[in-house]
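Only one structure is covered here, and it is reproduced in the block below.
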Amino acid sequence: MASGFKRTRHGIALRLEPVETAVVENLVDQLKQMLEELPKGDPGLAELGISESTEAPRDAALARLFPDGYREDGEAAGEFRRYTEASLRDGKERDAAVVLASLGADEIVLDAEQAQSWLRSLNDLRLALGTRLEISEDGYERFEELDWNSPEYAMFVTYDWLTQMQDSLVGCMLSR
Amino acid sequence: MSTAPVELDQPTSETDVRPDLPWLTIVWNDPINLMSYVTYVFQAVFGFGKEKAERLMMDVHKKGRAVVASGAREEMERHVEVLHSYGLWATVKKDD
């Protein structure tokens, strides 16, 4: 992905090396598994987009992907979650599916809607990884001191790569 | 416009049809979402121009939060739902 996303006559284009394709595929698969950890609730209600969960997920990364809609009103936050969490999850699953379906081509070319899905999904991945890495406003110095062979360093390199990829996609989408 | 000193009908509690106090959509700062991305989301979701979107993004970044919309509660909840779909940390709050 030496140069990231590019705006072309046919849409927004991206070339990935096979190893990069494998990384994206693996990360999106992990995201899908995380999404399945959310409580599904009553199937009848679920069809109406109503879930039974009124509490934020315990897992920090999941909680970041499904934040409270109210900050100082627990009851309102619970009701908001009951009515929005299922459709939020469905949207994330749809976005993830769009990303997976577009992988594999020598040059990935996205229309405007697919680009939105990529944008949101890349952000979901960054939120999940960034939460696990405990990314803060303090900058990245902490990671530069890590052992290059540590799993955390590998995770940070991946996070940084996703950041560059997302930034290049935003650049394409803003410059219309 | 009339300048005649007429007695205005003051709204009483029975006739007051003003909507509930406006509700707010607040976006909070977080260390992961990119500044360029947040600007893009404000433009895409609210149709803000580049300048307004950037100003609000900078408010979020520097002041820790920004009010990005106000109005009826249901409308604010829809905004927050959409902002959550983009991964922004947004909440609804009653204006006080």
Side-chain angles (χ1 to χ4, degrees), chain A residues 49 61 63-73 76-77 79-81 83-85 87-92 94-95 112 115-117 119-140 159 162-164 166-176, chain B residues 20-21 23-45 47-54 57-58 60-69 72-96:
Chain A
R64 182 60 193 80
L65 291 172
F66 296 88
D68 281 336
Y70 287 80
R71 202 167 151 121
E72 287 149 6
D73 184 341
E79 275 299 285
F80 181 82
R81 183 172 296 279
Y83 285 95
T84 61
E85 194 177 80
S87 65
L88 185 58
R89 183 192 56 223
D90 291 350
K92 289 183 188 305
R94 274 197 304 275
D95 288 337
Q116 289 271 352
S117 288
L119 191 63
R120 284 189 295 255
S121 224
L122 285 175
N123 207 57
D124 286 344
L125 296 178
R126 291 185 60 255
L127 287 174
L129 276 180
T131 305
R132 298 253 185 269
L133 287 164
E134 297 178 8
I135 295 282
S136 70
E137 301 280 358
D138 303 338
Y140 294 165
Y159 173 82
L162 290 170
T163 301
Q164 291 171 41
Q166 193 192 23
D167 200 41
S168 79
L169 181 53
V170 173
C172 287
M173 295 176 83
L174 278 173
S175 67
R176 264 188 296 185
Chain B
D20 293 341
L21 271 175
W23 291 71
L24 308 174
T25 299
I26 298 174
V27 173
W28 301 84
N29 190 34
D30 78 89
I32 298 172
N33 281 318
L34 295 172
M35 292 163 80
S36 60
Y37 177 69
V38 172
T39 304
Y40 170 80
V41 172
F42 287 168
Q43 289 185 260
V45 172
F48 294 156
K50 188 169 174 242
E51 249 176 56
K52 184 171 184 182
E54 279 180 348
M57 178 278 292
M58 284 310 289
V60 172
H61 183 64
K62 290 197 166 150
K63 297 176 187 166
R65 63 175 184 166
V67 174
V68 295
R73 183 175 189 173
E74 292 72 23
E75 195 192 345
M76 297 306 105
E77 289 192 337
R78 278 197 299 276
H79 285 326
V80 167
E81 197 179 348
V82 175
L83 292 169
H84 284 182
S85 79
Y86 281 94
L88 265 58
W89 186 17
T91 55
V92 181
K93 186 178 186 292
K94 197 170 188 177
D95 193 5
D96 45 30

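If you're wondering where the values come from, they're calculated on a predicted model, not measured in any experiment.
- The residues Glu77(B) and Arg73(B) are annotated as salt-bridged, a charged nitrogen and a carboxylate oxygen being separated by less than 4.0 angstrom.
- Between the side chain of Arg89(A) and the main chain of Phe66(A), no donor-acceptor pair closer than 3.5 Å is present.
- The part of Leu88(B) that comes within reach of chain A is its backbone (N, CA, C, O), which places non-hydrogen atoms under 4.5 angstrom from that chain.
- Contact of Phe80(A) with chain B is made through the side chain alone, with heavy-atom distances under 4.5 Å.
- Of the atoms belonging to Thr163(A), heavy atoms from both backbone and side chain fall under 4.5 Å from chain B.
- With a 4.5 angstrom heavy-atom cutoff, Leu88(A) touches chain B only via side-chain atoms.
- Within the 4.5 angstrom heavy-atom criterion, atoms from both the backbone and the side chain of Asp167(A) approach chain B.
- Only the side chain of Asn29(B) comes within contact range of chain A, with heavy atoms under 4.5 Å apart.
- Among residues two or more places apart in sequence or in another chain, the salt bridge (charged side-chain N to carboxylate O under 4.0 Å, His left out) test is passed with Glu81(B) by none.
- For chain B, the nearby part of Tyr159(A) is the side chain; its heavy atoms alone come within less than 4.5 Å.
- Of all non-hydrogen atoms in His79(B) and Ala69(B), the two that sit nearest each other are CD2-CB, 3.7 Å.
- For Leu119(A), the parts sitting under 4.5 Å from any heavy atom of chain B are the backbone and the side chain alike.
- Per-residue counts of heavy-atom pairs under 4.5 Å with chain B were compared for Leu127(A), Leu129(A), Leu169(A); the largest is that of Leu127(A).
- Using a cutoff of 4.0 Å between basic side-chain nitrogens and carboxylate oxygens, Asp30(B) and Arg64(A) are scored as salt-bridged.
- A distance-only check finds a donor-acceptor pair linking the side chain of Tyr37(B) to the backbone of Tyr86(B) [under 3.5 Å].
- Ranked by heavy-atom pairs shorter than 4.5 Å toward chain A, the options Ala44(B), Gly87(B), Ala90(B) are led by Gly87(B).
- For the ring-ring contact (aromatic ring centres under 6.0 Å, His included) test, residues two or more places apart in sequence or in another chain that qualify with Phe48(B) are Phe46(B).
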